[in-house]
S.K.: 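Handing you a structure now.
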Amino acid sequence: MKIQVYSAHPFEKIYFEKWNTQGHQFRFTPASLSLETIDQAQGCEGVACFVADTLNQEIIQKLSEMGIRLIALRSAGYDYVDRVASKAAGITIAHVPAYSPQAVAEFAVGLILAVNRKIVKASLQGLNYDFSLEGLLGFNLHEKTIGIIGTGHIGTAFAKIMKGFGSHLLASDPVQNPVCSELGVRYVPLEELLRMSDVVSLHCPLTESTAHLLGRCQFLQMKPGALLINTGRGGLIDTAALVEVLESGHLGGAGLDVYEKEKGLFFKNHQGNPPQDPLFSELQKLPGVVITPHQAFLTQEAVSNIVETTVANVTAFEKGKAINLVVV
Ligand code: NAD
């Protein structure tokens, strides 16, 4: 099949060469899919997309008119796709359900350590030969309570790591995962999790019902000095409310790999010409905040698995098989 790969990164191409044993024609562009770049998919039967791409009703309608039959997502989450419009247009959507939950879980732990132990702050101070210890005090994770929101693939991998730290584990998820229960994770209502946890980490998908799952009211329910980690999706939290609560000093800090208005911001070098986003600027300036550009997935193993599954999804679609389909 002929597939236009949008938002293609150089680090992905070697894996496409490795896994494309079926002779598909993958055409790569670093541009993200938008009305301006949609013509690049002319002559293709499918597009391979990533979270930076726009897949709204208008774009999907145009893709359909161009003869696109498959949207192969190179991501687990599919919150950025208008699935109803795809169904109406007769376009199949496939995704990569679990490529390496460990990659994201390990990064979430990295963010906890970076925020709690002030690793970024210390490193930046060191550039000016400031090796004083003032302002670098953290807390042990041993015997502390970690609240996990969403115990699917990534939340479970995260729970396993945090168990190794000797932390107490609480979780909130409408579906209890027996693997987590066996690990000693205790399922509690969200309100109790927020009240009890020293660190809250988000691992649920962004849906209509989880949009702004955590807002001002929920942040104020959290323990004073607690940390918030978000490697899920930016829209899970009300960022303006988070800024307000961080500024008030109620929370101890936040490690954010995702941001609700990250489209057009992340995955690009804006040095010298930063986009105007007052909320993001405010968030960035807060001392207890570490922001990374949606890179939690970015390990060799995960990228290889993403591409392997994407190629397999294209092959399956070509053969009329239904694997890894996103259903409406
Ligand atoms: P998964 O489908 O395996 O697990 C999601 C879990 O969330 C499920 O157990 C589900 O029951 C639970 N859930 C749904 N609604 C909930 C709610 N209201 N409260 C609590 N739990 C709820 O998904 P996964 O593979 O673990 O991935 C989780 C999310 O992580 C993805 O949807 C994606 O948005 C995000 N993600 C981010 C990156 C990154 O690089 N930052 C990479 C991959 C995935």
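Ligands are counted one by one from 1 in listed order, and the atoms in each one are counted from 1 as well. Only a predicted model underlies this, so the values are computations on that prediction, with no experimental measurement involved.
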S.K.: If the cut-off is 4.0 Å to any non-hydrogen atom of Pro205, which atoms of ligand 1 fall inside it?
M.R.: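 Every atom of ligand 1 under 4.0 Å from some heavy atom of Pro205: 5 (C), 7 (O), 13 (N), 14 (C), 32 (O).
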S.K.: Determine whether a donor-acceptor pair (N or O, by modelled atom type, separation under 3.5 Å) exists between the side chain of Lys118 and the backbone of Leu137.
M.R.: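 Yes; at least one donor-acceptor contact below 3.5 Å.
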S.K.: Hey, which atoms in ligand 1 end up nearer than 4.0 Å to a heavy atom of Ser172?
M.R.: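 So the answer, numbered in order with elements, is 20 (C), 21 (N).
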S.K.: Numbering the atoms of ligand 1 from 1, which are under 4.0 Å from a heavy atom of Asp257?
M.R.: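 Those atoms are 39 (C), 40 (O), 41 (N).
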S.K.: Do Glu260 and Arg233 sit within salt-bridge range, that is, some charged N less than 4.0 Å from a carboxylate O?
M.R.: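 A salt bridge is absent here (no side-chain N lies under 4.0 Å from a carboxylate O).
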S.K.: As an exercise, identify every atom of ligand 1 less than 4.0 angstrom from a heavy atom of Ala296.
M.R.: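 By the 4.0 Å cutoff, the relevant atoms are 39 (C), 40 (O), 41 (N).
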S.K.: Examine ligand 1 and decide if any of its atoms is less than 4.0 Å from a heavy atom belonging to Pro101.
M.R.: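 No, Pro101 has no heavy atom closer than 4.0 Å to ligand 1.
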S.K.: Is the number of heavy atoms from other residues, nucleotides or ligands under 6.0 Å of Lys87 NZ greater than 12?
M.R.: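 No, the 6.0 Å shell around NZ holds no more than 12 heavy atoms from other groups.
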S.K.: Is the contact between Leu206 and ligand 1 made by the side chain, the backbone, both, or neither, using heavy atoms and a 4.0 Å cut-off?
M.R.: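 No part of Leu206 is near ligand 1 at this cut-off.
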S.K.: Using a 4.0 Å heavy-atom cut-off, which part of Arg233 comes near ligand 1: side chain, backbone, both, or neither?
M.R.: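 Near ligand 1, Arg233 shows its side chain, while the N, CA, C and O stay back.
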S.K.: Can you tell me which portion of Tyr78 lies within the under-4.0 Å heavy-atom range of ligand 1? Options are side chain, backbone, both, or neither.
M.R.: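 Looking at Tyr78 and ligand 1, no heavy atom falls under 4.0 Å.
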S.K.: Report yes if some N/O of Asp79 lies less than 3.5 Å from some N/O of ligand 1; otherwise report no.
M.R.: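 No, since none of the N or O atoms of Asp79 sits under 3.5 Å from an N or O of ligand 1.
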S.K.: Could you check whether Asn324 and Asn313, counting side-chain N and O atoms only, form a donor-acceptor pair closer than 3.5 Å?
M.R.: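 Asn313 vs Asn324: donor-acceptor pair found between side chains.
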S.K.: Between the candidates Cys204, Ala302, Ser209, which shows the shortest non-hydrogen contact distance to atom 29 (C) of ligand 1?
M.R.: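 Ranked by closest heavy atom to atom 29 (C) of ligand 1, first place is Cys204.
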S.K.: Within the protein, is there a heavy atom lying under 4.0 Å from atom 13 (N) of ligand 1?
M.R.: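 Yes, there is one.
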S.K.: Numbering the atoms of ligand 1 from 1, which are under 4.0 Å from a heavy atom of Tyr99?
M.R.: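 Here the atoms of ligand 1 in question are 42 (C), 43 (C).
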S.K.: Show me which atoms of ligand 1 lie under 4.0 Å from any heavy atom of Thr210.
M.R.: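 Under 4.0 Å from Thr210, ligand 1 has these atoms: 15 (N), 17 (C), 18 (N).
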S.K.: Can you figure out which of Ala76, Gly150, Ala103, Ser100 has its heavy atom closest to atom 21 (N) of ligand 1?
M.R.: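 Result: the heavy atom closest to atom 21 (N) of ligand 1 is in Gly150.
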S.K.: Is it true that His203 and Phe158 have ring centroids separated by less than 6.0 Å?
M.R.: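 For His203 and Phe158, the ring centres are under 6.0 Å apart.
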S.K.: I need the nearest protein heavy-atom contact for atom 16 (C) of ligand 1: residue, atom name and distance, please.
M.R.: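 Going by distance alone, atom 16 (C) of ligand 1 is nearest to Pro174 CD, 3.6 Å.
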S.K.: What's the shortest distance from atom 8 (C) of ligand 1 to any protein heavy atom, and which residue and atom give it?
M.R.: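 Closest protein heavy atom to atom 8 (C) of ligand 1: Asp173 OD2, 3.4 Å.
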S.K.: Is a donor from one side chain sitting under 3.5 angstrom from an acceptor on the other, for Ser132 and Asp130?
M.R.: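 There is such a pair between these side chains.
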S.K.: Would you call the rings of Phe266 and Phe280 parallel, tilted or perpendicular, taking 30° and 60° as the class edges?
M.R.: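 Correct class here is perpendicular.
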S.K.: Do Thr292 and Asp257 pair up side chain to side chain, a donor and an acceptor below 3.5 Å, judged on atom types alone?
M.R.: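 The answer is yes; a qualifying pair exists.
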S.K.: I'd like to know whether the aromatic ring centres of Phe267 and Phe50 sit less than 6.0 Å apart in this structure.
M.R.: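 Phe267 vs Phe50: aromatic centres under 6.0 Å.
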S.K.: For the pair His9 and Phe11, name the ring-plane relationship: parallel under 30°, tilted 30 to 60°, perpendicular over 60°.
M.R.: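 Answer is parallel, since the angle falls under 30°.
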S.K.: Could you list which atoms of ligand 1 come closer than 4.0 Å to a heavy atom of Ile149?
M.R.: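 Per the distance check, 20 (C).
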S.K.: Using the rule that two of Ile, Leu, Val, Met, Phe, Trp, Tyr join whenever any of their side-chain heavy atoms come within less than 4.5 Å, decide whether Leu298 and Val109 are in one cluster.
M.R.: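 Unlinked, Leu298 and Val109 end up in two clusters.
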S.K.: Are any of the N/O atoms on Phe297, whether in the backbone or the side chain, positioned under 3.5 angstrom from an N/O atom of ligand 1?
M.R.: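 So ligand 1 has an N or O lying under 3.5 Å from an N or O of Phe297.
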S.K.: Would you indicate which of Ile154, Thr231, Val175 comes nearest to atom 44 (C) of ligand 1 when only heavy atoms are counted?
M.R.: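 Ranked by closest heavy atom to atom 44 (C) of ligand 1, first place is Ile154.
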